[in-house]
Amino acid sequence: MRIIAGKWKSRKLESFFEQKSPALIRPTTDRVRENIFNIIENLNTGNRLLGAKVLDLFCGTGAMGLEALSRGADFCHFIDNSIQAKRVTLLNIRKLGADQNSVFTMGNILKLNHNDRTRNDIVFLDPPYGKNLCEKVISILLKYSWVKETTIFVLEQELKVEGNYGLRIIDQRRYGRTNISILSGLGH
């Protein structure tokens, strides 16, 4: 696993491959990550990454948020409730020197009932498959003002998004058993 583009292009990232139960953790492949970022950078509103505030939920290795930082985002807030995710994400943050423009919070995303008043421009949401968490998490993000009306949501799920969670679907693609949906807030 590596950073695809930007200031840290080709830098390798630590991953979970040494774990005994790899089925529980699915880092987004380089190919899928590259395609997601190409879509975001080519939206008709211009490159939404430059100067963006990013929220990487169920962050795993932190690869999505770190890729965003590499491509010009200003800040990324990583959140996961796994101690392994915390270790690997913090290792990757330090490895790339991203300490000054990122923070990691260990906790249950479904209990995000507060906000430090940072309204994020891009949200990466990659929950465990089969738990139907996207709708619940998006509801929490909207309720507690974690996002703007123009926020871009990138959902990585096993199933194709049915409905739109009150957002506009920009793009949907399938890669093996992974479905990527890119949605935007109603103000976009």
message: Would you say NZ of Lys7 has more than 12 non-hydrogen atoms from neighbouring residues, nucleotides or ligands within 6.0 angstrom?
response: yes
Atom NZ of Lys9: over 12 foreign heavy atoms under 6.0 Å: no
- prompt: If you measure from NZ on Lys53 to OG1 on Thr118, what distance do you get to the nearest 0.5 Å?
  reply: 7.0 Å
message: Between Leu49 and Glu41, is the side chain to side chain contact (heavy atoms under 4.5 Å, CB included) condition met? List the steps.
response: CA-CA 7 Å; Leu49 288 166; Glu41 288 176 335; 3.6 Å; yes
Mind checking what makes side chain to side chain contact (heavy atoms under 4.5 Å, CB included) contact with [X], not counting sequence neighbours?
X: Ser139; result: none
X: Tyr144; result: Asn113, Ile140, Trp146
X: Glu135; result: Tyr165
X: Arg2; result: Ile4, Asp30

statement: With sequence neighbours left out, the residues meeting side chain to side chain donor-acceptor pair (under 3.5 Å) with Lys148 are Asp121
field: Within-4.5 Å side-chain heavy-atom neighbours: Val54 and Phe124
entry: yes
- request: Flag the pair Trp8 / Leu69 as yes when at least one side-chain heavy-atom distance between them is below 4.5 Å, and no otherwise.
  value: yes
List the atom pairs, with distances to 0.1 Å, where a side-chain N or O of residues 98-111 and a protein N or O form a donor-acceptor pair under 3.5 Å, not counting sequence neighbours.
| residue | atom | partner | partner atom | Å |
| --- | --- | --- | --- | --- |
| Ser102 | OG | Ala98 | O | 2.7 |
| Thr105 | OG1 | His77 | NE2 | 2.6 |
| Asn108 | OD1 | Leu110 | N | 2.8 |

query: Does Leu66 belong to the same Ile/Leu/Val/Met/Phe/Trp/Tyr cluster as Phe75, with side-chain heavy atoms less than 4.5 Å apart forming each link?
result: no
query: Under a 4.5 Å side-chain heavy-atom rule over Ile, Leu, Val, Met, Phe, Trp and Tyr, are Ile122 and Phe37 clustered together?
result: yes
Got a donor-acceptor contact below 3.5 angstrom from the [X] side chain to the [Y] backbone?
X: Asp80; Y: Gly60; answer: yes
X: Asn92; Y: Thr61; answer: yes
X: Arg168; Y: Ile170; answer: no
X: Asp74; Y: Ala52; answer: no
X: Ser181; Y: Gln172; answer: no

- request: Assess the side chains of Glu156 and Thr28: does a donor N or O sit below 3.5 Å from an acceptor N or O?
  value: yes
